[in-house]
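I have placed the structure first, in the form of structure tokens, so that the comments after it can refer back to it.
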Amino acid sequence: MNSLPENYRAAGDDELTARIEAVKKRMGKRLVVLAHHYQRYEIVSLGDYIGDSYGLSRIAAKSAEAEYIVFCGVRFMAEAARTLCRPEQKVYLPNLSAGCPMADMASVEQVNEAWESIKQVCPSSTIMPISYMNTLTELKAFTGRNGGLICTSSNAEVAFKWAFERGEKLFFFPDQHLGRNTSKRMGLKPEQVYLFKPDSQISKTDQQAIIAAKVILWPGYCYVHTKFTKDHIDEWRAREPKVKIVVHPECRQEVVDGADAVGSTAFIVRYVETAAIGSTIAIGTELNLVSRLARTHTDKNIFELSGESCAICSNMFRTSLADLCYTVENLDTIPQIMIDDEIKTDARTALERMLEIGG
Ligand code: 13P
Ligand code: SF4
């Protein structure tokens, strides 16, 4: 962060790494550093646990011995950890400006308004809300209050099944692509999936489409994953017929349909780890993860799917060694991630339902 004291901003990577390691050694199990797969290489190297958003939220919920949980990721991840861990534990996000633009695409007011309109259009249907992990905590609370649950890219299909056992229609937000891809995997037809138009009047045609729909999607998307196109896949297949293509389910449907495998960041890591030596794998996900996989699996040929170095999540990239060092050296004086008790209980209910269905 720019506001870091000079001695952090001026320090070199080796010094910062050594200082972070010294604090971690001194604190032992009292401090846990969680690192999402999209974090920079040097941050991942310092994580006690590295994982996808589902795996890390489970670890946060189970880290009973930790007094301090430092989440190297983006805000919604640290807030989920805060919601799930015990009140006396302290949770930190080393760079407080690291958000998720997709999560910000659905506001509490907009979702509430949409929910009321959908219920009005379908008064006799049971509608189940499902919120992607990438949302504001207030929306996780909305979901918990209304009988629904949270899902991540690793358990969206199980979450959809869970919800269909309890309701006739699902209202999924904010990622339209994960929602559409999951609906397709569950055998739903395109006409059974409706893309909601927030902030606009519901026309007669829209009403009929909502009544016919099994899944109502929010029009959110990830600006990183929507950079991958079907052309990228076609170019790879023409150039390298033996290539295996693995993508994240936040990619567009035609990209997911054209890939050999699709899954969360943890799935992608496992896919590369278990691939045969000498395999060529083109990956449709964030560049920091792809670069790390290429660096750690030199016996395989790992590439980023688009071939252009633009698939970077600038929010994930914000967390620097200086931020992490400042955080771990000042745990008792810097701001923790806090959630209002009012929303925490309902958000926790929705997250716990997710943990119950598994990943
Ligand atoms: P995972 O749930 O796969 O970790 O993904 C989180 C995310 O933000 C992907 O863009
Ligand atoms: Fe959000 Fe996309 Fe970044 Fe994931 S990669 S944190 S969805 S902006």
Side-chain angles (χ1 to χ4, degrees), residues 34-40 43-44 47 49-60 71-81 93 95-106 130-136 139-140 149-159 172-179 181-182 218-228 246-252 255-256 259 261-272 283-293 304-306 309-319 351 354-355 357-359:
L34 306 178
H36 187 265
H37 284 303
Y38 293 162
Q39 290 288 293
R40 300 186 202 190
I43 298 286
V44 167
Y49 296 96
I50 299 129
D52 64 5
S53 58
Y54 173 78
L56 293 177
S57 69
R58 268 193 56 210
I59 288 163
F71 207 127
C72 300
V74 292
R75 181 170 281 274
F76 73 80
M77 296 178 178
E79 289 194 357
L93 180 67
N95 189 313
L96 291 169
S97 68
C100 168
M102 184 218 279
D104 295 337
M105 286 176 189
I130 305 184
S131 159
Y132 192 25
M133 183 66 119
N134 307 35
T135 41
L136 308 174
L139 288 177
K140 290 187 176 72
L149 83 171
I150 310 302
C151 75
T152 73
S153 54
S154 72
N155 58 14
E157 216 174 315
V158 193
F172 179 73
F173 49 87
D175 185 19
Q176 59 172 296
H177 299 292
L178 176 65
N181 290 323
T182 309
W218 194 260
Y221 62 90
C222 165
Y223 73 95
V224 178
H225 288 94
T226 48
K227 283 185 172 148
F228 300 109
V246 55
V247 302
H248 194 278
E250 286 175 13
C251 291
R252 297 172 202 280
V255 173
V256 166
V262 54
S264 76
T265 52
F267 172 90
I268 294 171
V269 171
R270 276 196 306 276
Y271 187 91
V272 171
I283 305 177
T285 198
E286 208 271 343
L287 189 63
N288 271 292
L289 172 55
V290 181
S291 307
R292 194 172 84 247
L293 289 169
E304 187 259 321
L305 176 64
S306 77
S309 356
C310 58
I312 287 189
C313 176
S314 55
N315 281 275
M316 285 283 184
F317 197 74
R318 283 185 187 175
T319 305
L351 279 163
M354 173 189 79
L355 294 178
I357 62 164

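Indexing begins at 1, ligand by ligand and atom by atom, following the structure's order.
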Among all protein heavy atoms in this structure, tell me which lies nearest to atom 6 (C) of ligand 1, with the distance rounded to 0.1 Å. His36 NE2, 3.8 Å

So which heavy atom in the protein is nearest atom 2 (O) of ligand 1, and how far is it from that ligand atom? Ser53 OG, 2.6 Å

Quick one: look up the protein heavy atom nearest atom 8 (O) of ligand 1 and list residue, atom name and how far away it is. Asn134 ND2, 3.2 Å

Residue, atom name and distance, where the atom is the protein heavy atom closest to atom 3 (Fe) of ligand 2: Cys313 SG, 2.4 Å

So, does Glu286 sit close enough to ligand 2 that a heavy atom of it is under 4.0 Å from the ligand? no

Nearest protein heavy atom to atom 1 (Fe) of ligand 2, by residue and atom, and its distance? Cys100 SG, 2.4 Å

Against heavy atoms of Tyr223, which atoms of ligand 2 measure under 4.0 Å? 8 (S)

N/O/S atom of Cys222 inside 2.8 Å of atom 2 (Fe) of ligand 2, strictly under: yes

At a 4.0 Å cut-off, with the gap strictly under it, does some heavy atom of Asn134 reach an atom of ligand 2? yes

When you compare the side chain of Asp52 with that of Ile268, does any pair of heavy atoms fall below 4.5 Å? no

Using a 6.0 Å distance limit plus a 45 degree cone around the ring axis, check whether Arg40 lies over the aromatic ring of Phe317. yes

Any heavy atom of His248 closer to ligand 1 than 4.0 angstrom? yes

Check whether Asn181 reaches the backbone of Cys251 with its side chain - one donor and one acceptor, N or O, closer than 3.5 Å. yes

of all protein heavy atoms, closest to atom 10 (O) of ligand 1 is Glu250 OE1, 2.9 Å

